[in-house]
There are 2 protein chains.
Amino acid sequence: MIKRPLNNYISVDCVIFGYNGQELQVLLVDRTLTNETTGESEFTDLTLTGNHIYEDETIEEAAYRVLFDLTGLKNVFLDQFKTFAHPDRLKKENDRKWLLHDGRDPDKRIVSIGYFSLLATQNITLEWKGRNVKWVPVSEVGELAFDHNQILEEALIALRNKIKHEPIGFELLPEKFSLTQLQNIYEVILSTELDKRNFRKKIARMKYLIPTDEKQTGVSHKPARLYVFSREVYEKTKKELFDFTV
Amino acid sequence: MIKRPLNNYISVDCVIFGYNGQELQVLLVDRTLTNETTGESEFTDLTLTGNHIYEDETIEEAAYRVLFDLTGLKNVFLDQFKTFAHPDRLKKENDRKWLLHDGRDPDKRIVSIGYFSLLATQNITLEWKGRNVKWVPVSEVGELAFDHNQILEEALIALRNKIKHEPIGFELLPEKFSLTQLQNIYEVILSTELDKRNFRKKIARMKYLIPTDEKQTGVSHKPARLYVFSREVYEKTKKELFDFTV
DNA sequence: TATAGTTAGTGTCGTTTCTACACCTTACCA
DNA sequence: TGGTAAGGTGTAGAAACGACACTAACTATA
């Protein structure tokens with residue numbers, strides 16, 4: 001394998017959202033600093049999935065690479081939402097220790113470009129760069145490493161804004177999904193409750209959400225009809241809105 | 001004056017929009033490379049207003065600094081919209097020459113964080129860092145330096161998206177403005193035509209656009225009533241939308 | 001001082017969308 | 001075959017939308 005030269009002052013952080021049928025989740029990675037002489041853990045906490053980029057790589061390619069390494073998937077929803085470069089963003093005590101241990105200069109300023117991603121699968125690699133990976137409900141996220149709480153917060157803001165105006169909810173669902181699943185996505189992300197009948201009337205107007213002949217299987221109640229999203233129809237029928245919020 | 005250390009791999013580029021009553025404009029800066037031996041100009045073109053940041057400065061502070069240097073204003077609308085870091089973004093021939101002449105390494109990769117700004121004044125400094133500054137109608141912008149055409153394009157996309165959902169149009173107008181002025185802003189930015197009566201009905205529903213008792217002066221026709229935007233009212237009355245575009 | 005020129009400002013009607021609200025249907029399972 | 005659990009549907013009143021044309025107010029100038 002050929003080593004490609006790293007650019008060590010640019011990184012991407014990917015806020016990877018998932019949905020388990022109940023809650024919005026985010027993918028986090030264990031960070032444990034082991035004292036080399038005693039072998040004991042100095043601290044352990046969690047980070048977002050981030051990565052440096054290669055010198056000849058675009059930031060978007062780097063973000064897709066992170067996603068591919070975690071999931072094996074290539075066509076994943078990905079959106080650059082904000083960039084973080086505060087001079088103190090890596091300067092908490094544990095962060096400095098971690099960087100030093102990793103052979104990096106904790107005083108060096110690193111720009112991190114934030115992407116958020118919506119995954120339709122819970123199937124992720126369990127180990128990434130030798131570290132454990134897991135889903136954590138967004139509501140249960142505690143204190144994260146670096147400025148990752150802030151990055152997560154901004155990712156949520158970007159997600160909520162985007163989902164209000166663009167059809168992206170089903171990126172968190174399998175290709176074929178039920179309207180109840182979709183409604184739940186909106187309810188969870190926007191912390192709101194929606195009326196089932198009104199929601200369905202709205203969906204019926206969106207010609208790009210197309211009912212199939214298939215139904216749910218393996219449920220112990222009336223199975224729901226499954227829908228698919230058609231990007232072609234969406235691109236054809238979308239119109240521009242002018243409606244700054246009252 | 002104390003020299004603060006520069007961070008030479010992070011920069012901000014500010015896409016500064018203005019409105020002259022007719023068109024959307026963007027602020028551009030002359031870039032002329034003078035051959036040191038012959039004294040002749042090797043090329044001349046235009047750039048956006050960008051700047052490196054100081055080592056202890058946040059990127060937002062740097063963007064505000066650029067705006068302040070150009071306008072003397074401090075409370076200007078500013079929005080971080082996208083970050084540009086393509087490996088080849090500074091590698092056009094003229095760009096390499098310019099960087100070399102400036103004592104910088106053209107092979108070094110520089111991340112640029114894009115901000116767009118809306119200015120309510122046409123009063124700008126005429127010279128900035130020894131370079132001429134001028135307003136150019138967006139429709140008449142030719143080929144710019146570096147990747148600045150792309151940055152401008154993305155800024156326009158961000159502006160159009162934002163203005164559809166958030167009340168920011170009047171950031172391009174004086175504190176007190178007429179509804180016709182406001183309508184023109186929307187028409188120009190969204191390349192659309194709006195019905196005057198329907199526009200005004202919509203405005204009437206937005207309680208944060210408040211009519212004053214004042215009228216235009218110095219116009220040779222019926223003077224229009226002036227309105228002001230109230231941020232307090234806006235923050236109180238805004239509600240969340242859920243309406244992904246049909 | 002009357003008039004021409006210019007922009008401001010306003011109402012209605014038919015259509016679409018919004019909101020609130022309750023019951024029957026379908027399938028599985030015990 | 002009856003209980004359980006979610007799926008799926010319609011209506012009516014209110015609000016917003018889009019299309020459409022005339023009068024009002026002010027200035028300049030003849």
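Only heavy atoms go into these numbers, but all of them, side chains included; no hydrogens, no water, no symmetry mates. In what follows, chains carry the letters A, B, and so on, assigned in the order in which the sequence lines appear, proteins first and then strands, with residues in each chain numbered from 1.
For B:K201 against C:dT10, a side-chain-to-base donor-acceptor contact under 3.5 Å is absent.
Between the side chain of B:H148 and the backbone N or O of B:L48 there is at least one donor-acceptor pair closer than 3.5 Å. Put simply, the side chain of B:Q181 gets close to the backbone of B:S178: a donor and an acceptor are under 3.5 Å apart.
In this structure, B:D195 places its CG atom 18 Å from P of C:dT15, rounding to the nearest Å. A:F199 has its CZ atom 12 Å from the P atom of D:dG7, to the nearest Å. Separating the CD atom of B:Q181 from the C1' atom of C:dT7 is a distance of 12 Å, rounded to the nearest angstrom. At whole-Å resolution of the value, CD in A:E214 and P in C:dA27 are 15 Å apart. A:R225 has its CZ atom 12 Å from the P atom of C:dT26, to the nearest Å. Atom CG of A:L226 and atom C1' of D:dA6 are 14 Å apart (whole Å). Atom C1' of nucleotide D:dA15 and atom CG of B:N198 are separated by 14 Å, given to the nearest angstrom. Rounded to an integer number of Å, the gap from A:I203 CD1 to C:dC18 C1' is 15 Å.
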Please test B:D13 against B:R89 for salt bridge (charged side-chain N to carboxylate O under 4.0 Å, His left out), starting from the C-alpha separation and ending with a verdict.
CA-CA 13 Å; B:D13 278 308; B:R89 61 181 291 267; 3.6 Å; yes
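Aromatic pair A:F77/A:F116: ring centres closer than 6.0 Å. Ring centroid separation for the pair B:F81 and B:Y115 does not come in under the 6.0 Å cut-off.
Residue contacts shown for B:S178 are absent, as no nucleic acid heavy atom lies under 4.0 Å away. Residue A:R200 is in base contact, counting any heavy-atom pair closer than 4.0 Å across all strands shown.
Distances shorter than 4.0 Å separate some side-chain N or O of B:K202 from OP1 or OP2 on D:dC17. The phosphate of D:dA14 (OP1 or OP2) has no side-chain N or O of B:R205 nearer than 4.0 angstrom. Phosphate proximity of D:dG7 to A:T180: present, with a side-chain N or O under 4.0 Å from OP1 or OP2.
Electrostatic pairing of B:E214 and B:K176 counts as a salt bridge here, judged by a charged N lying under 4.0 Å from a carboxylate O.
Contact annotation: the side chain of B:L118 approaches that of B:L159 to within less than 4.5 Å [non-hydrogen atoms, C-beta and beyond].
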Nucleotide by nucleotide, nucleotides 22-30 of chain D touches protein heavy atoms under 4.0 Å in the pattern (B base, S sugar-phosphate only, - none) --BBBSS--
